Participant: 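Please see the structure below; I have some questions.
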There are 2 protein chains.
Amino acid sequence: MRISKELAKGSNGMLVLSVLEKGDKYGYLIVKEIANLSDNVFSMNEGTLYPILHSLEKEGYLEAYWVEAENMRKRKYYRITEKGRKELAAQKTEWKSYSTAVEKVLGYV
Amino acid sequence: MRISKELAKGSNGMLVLSVLEKGDKYGYLIVKEIANLSDNVFSMNEGTLYPILHSLEKEGYLEAYWVEAENMRKRKYYRITEKGRKELAAQKTEWKSYSTAVEKVLGYV
DNA sequence: AATAATACCTAGATAGTCAAGGTATCAAGG
DNA sequence: CCTTGATACCTTGACTATCTAGGTATTATT
C-alpha cells in the first residue's frame with residue numbers, strides 16, 4: 001500500500017471479496033485488479049494477499065480451483081460463495097458506517 | 001469501537017488530533033467527544049487513547065499541561081501544536097485518498 | 001544467457017488495538 | 001455511612017493484520 005499500512009488494516013479482505021464478486025480471479029490478478037481500480041493507490045503485498053485468501057477460503061467465503069491449460073502457468077482461481085457475498089454485503093455496510101463516522105469527527109459531515 | 005477493530009487501525013491518531021484542533025481537551029473528554037461526534041459509532045478504549053496521546057506528545061504534535069482547580073479532579077489537558085496541525089492536514093489528505101480508493105474498488109465511484 | 005514478469009507460497013517482525021486490570025476522587029441513592 | 005457509578009489518570013499482556021524479506025518455479029523478452 002502507498003497508504004500508511006495502518007489505515008488499510010481490516011479493509012483488505014473486503015477489497016478481495018469485492019473484486020471476486022465481479023468474477024473469478026487468481027491471486028496475482030487480484031493484486032493487479034485492486035491496483036487498477038484504485039488508480040494505483042493500493043498495491044497489495046503478496047505476503048498480505050495469500051494469507052487473506054487462505055483465511056477467506058477457510059471461513060467458507062471463497063472456493064478455490066486450479067486451472068492448468070497448455071502454455072500457461074498453473075493458476076489457482078478463487079470463486080466467491082453465497083456466504084462470501086453475504087459477508088461482503090455486511091462489510092460494505094460496516095465500511096459505510098465507519099467512513100461516515102470518521103468524516104463526522106473530522107467535521108466533513 | 002463498535003466497528004471492527006481492524007478497520008479503525010491507523011485512524012485513531014487522526015481523530016484525536018482532529019478533536020483537539022477545535023480546542024484543548026483532557027483524555028476522558030476526548031473519548032466522549034469522539035463518541036458524540038460519531039453518533040456513538042466510535043467508543044475509543046482508554047487503553048487505546050492514552051498510548052496514542054503519549055505518542056503524539058512525544059512526536060511533538062501535542063503539548064500537555066495539568067489543570068488542578070478547587071473542587072475538581074486533576075485533569076491533563078492537551079493542546080495541538082503547529083507541527084500537529086500540519087500532521088493532521090497530511091493525515092486528512094491521506095484519509096481522503098484512502099477512502100476514495102476503497103470506494104473505487106467497491107464500485108461506488 | 002540474463003532479466004523481468006508471472007505465479008504460488010511462508011516466516012518473523014512490527015505495530016495498533018483490545019481486554020483487563022490498577023489507582024483515586026466525587027456525587028448520588030439507599 | 002456505605003455502596004455504586006461516573007470521572008480521570010494509567011499500564012500490561014495478548015491478539016492480529018500487515019509488512020519485509022525470503023523461497024520456488026515458469027514464461028516472455030531482450
Side-chain angles (χ1 to χ4, degrees), chain A residues 1-17 24-36 41-59 62 64-78 91 94-95 98 102, chain B residues 1-17 24-36 41-59 62 64-78 91 94-95 98 102:
Chain A
M1 300 277 165
R2 276 216 213 134
I3 292 292
S4 94
K5 34 184 153 177
E6 273 66 37
L7 259 191
K9 288 197 179 181
S11 60
N12 280 332
M14 175 177 65
L15 299 183
V16 168
L17 287 175
D24 298 4
K25 284 171 195 66
Y26 54 96
Y28 199 79
L29 191 58
I30 293 171
V31 171
K32 301 290 172 198
E33 177 81 349
I34 289 177
N36 281 339
V41 170
F42 296 142
S43 54
M44 191 182 290
N45 199 295
E46 290 185 49
T48 301
L49 175 71
Y50 289 108
I52 285 176
L53 284 173
H54 301 157
S55 147
L56 292 175
E57 188 185 4
K58 201 175 160 194
E59 295 290 330
L62 299 181
Y65 56 96
W66 284 95
V67 172
E68 193 171 358
E70 289 179 52
N71 292 327
M72 204 173 79
R73 290 172 206 78
K74 264 187 17 173
R75 288 166 175 169
K76 195 175 181 181
Y77 275 79
Y78 288 90
Q91 288 192 17
E94 194 186 354
W95 161 257
Y98 164 66
V102 167
Chain B
M1 301 276 164
R2 277 216 212 134
I3 291 294
S4 94
K5 33 185 151 175
E6 272 65 37
L7 260 189
K9 287 196 177 181
S11 59
N12 280 331
M14 175 177 66
L15 300 183
V16 169
L17 287 174
D24 297 5
K25 285 172 195 67
Y26 54 95
Y28 200 81
L29 193 57
I30 294 172
V31 170
K32 301 291 171 199
E33 178 81 349
I34 289 178
N36 281 338
V41 170
F42 296 143
S43 54
M44 193 182 288
N45 197 295
E46 288 185 51
T48 301
L49 175 72
Y50 289 108
I52 285 176
L53 285 173
H54 301 157
S55 148
L56 290 175
E57 188 184 5
K58 201 175 161 193
E59 294 292 329
L62 299 181
Y65 56 96
W66 285 95
V67 172
E68 194 170 359
E70 290 179 52
N71 293 326
M72 204 174 77
R73 290 170 205 79
K74 264 185 20 172
R75 289 166 175 170
K76 195 174 182 182
Y77 276 78
Y78 288 90
Q91 288 191 18
E94 194 186 354
W95 161 257
Y98 163 67
V102 168

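Order of the sequence lines sets the chain letters (A, B, ...), proteins ahead of strands, with each chain counted from 1. Since the structure is predicted, the reported quantities are computational estimates derived from the model, not experimental observations.
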Participant: In whole angstrom, what separates B:Y26's OH from C:dT25's P?
Facilitator: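 Spelled out: OH on B:Y26 to P on C:dT25 is 17 Å.
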Participant: Where do B:W66 and B:K76 come nearest, in terms of heavy atoms and distance?
Facilitator: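 Minimum heavy-atom contact is CZ2-CD, 3.6 Å.
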Participant: Do B:F42 and A:V102 touch side chain to side chain, with heavy atoms closer than 4.5 Å?
Facilitator: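 The answer is yes; the side chains approach within 4.5 Å.
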Participant: Using whole Å, report how far CG of A:N45 lies from P of D:dG22.
Facilitator: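 To the nearest whole Å, that distance equals 13 Å.
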Participant: If you check every side-chain atom of A:Y78, which of D:dT7, C:dC9, C:dT6 has the closest atom?
Facilitator: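 So the side chain of A:Y78 is nearest to C:dC9.
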Participant: Would you list the protein and nucleotides 28-30 of chain D atom pairs, both N or O, that sit under 3.5 Å from each other?
Facilitator:
none

Participant: In whole angstrom, what separates A:M44's CE from C:dC9's P?
Facilitator: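 One finds 15 Å between P of C:dC9 and CE of A:M44, rounded.
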Participant: Checking contacts here: which listed nucleotide (D:dT18, C:dC18, D:dC9) is nearest the side-chain heavy atoms of A:N12?
Facilitator: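 It is D:dT18.
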Participant: Using whole Å, report how far CZ of B:F42 lies from P of C:dT17.
Facilitator: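 Taking atom P of C:dT17 as the reference, CZ of B:F42 is at 11 Å.
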Participant: Without decimals, in angstroms, what is the distance between A:E46 CD and C:dT6 C1'?
Facilitator: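 Taking atom C1' of C:dT6 as the reference, CD of A:E46 is at 9 Å.
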Participant: Can you tell me the distance, in whole Å, between the CD atom of A:E68 and the P atom of D:dT26?
Facilitator: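 So the CD-P distance, A:E68 to D:dT26, works out to 12 Å.
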Participant: Round to the nearest Å and state the distance from B:Y28 atom OH to D:dA6 atom P.
Facilitator: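 In whole Å, D:dA6 P lies 8 Å from B:Y28 OH.
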Participant: Can you list, in residue-number order, the parts of residues 49-56 of chain A that come under 4.0 Å of DNA chain D, counting heavy atoms only?
Facilitator: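 Heavy-atom contacts with DNA chain D come from A:I52.
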Participant: Roughly how many Å is it from CH2 in B:W66 to C1' in C:dA24, rounded to a whole number?
Facilitator: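 Nearest whole value for this atom pair: 12 Å.
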Participant: Taking for each residue the nucleotide of DNA chain D with the nearest heavy atom, is it B:T48 or A:T48 whose nucleotide lies nearer the 5' end?
Facilitator: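 Checking each residue's closest nucleotide, the 5'-ward one belongs to B:T48.
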Participant: Which residue, B:V41, B:N12, B:L29, B:L15, forms the side-chain contact (heavy atoms from CB on, under 4.5 Å) with B:I34?
Facilitator: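 Among B:V41, B:N12, B:L29, B:L15, the one meeting side-chain contact (heavy atoms from CB on, under 4.5 Å) with B:I34 is B:L15.
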Participant: Side-chain contact test, heavy atoms from C-beta onward, threshold under 4.5 Å: evaluate it for A:M44 versus A:V16 and give yes or no.
Facilitator: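 When only atoms from C-beta onward are counted, A:V16 and A:M44 do touch, with a gap below 4.5 Å.
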Participant: Using a heavy-atom cut-off of under 4.0 Å over every strand shown, decide if A:G27 touches base, sugar-phosphate, or nothing.
Facilitator: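 Sugar-phosphate, no base atom in range.
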Participant: Provide the closest heavy-atom pair for B:Q91 versus B:G13 in the form atom of the first, atom of the second, distance.
Facilitator: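 Residues B:Q91 and B:G13, closest heavy atoms: OE1-C, 4.2 Å.
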Participant: Would you tell me if any nitrogen or oxygen in the side chain of B:K32 comes within less than 4.0 Å of OP1 or OP2 on D:dT7?
Facilitator: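 For B:K32, the contact criterion (side-chain N or O under 4.0 Å from OP1 or OP2 of D:dT7) is met.
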Participant: How would you list, by chain and number, every residue that makes a ring-ring contact (aromatic ring centres under 6.0 Å, His included) with A:Y65, sequence neighbours excluded?
Facilitator: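 By the ring-ring contact (aromatic ring centres under 6.0 Å, His included) rule, A:Y65 matches A:Y77.
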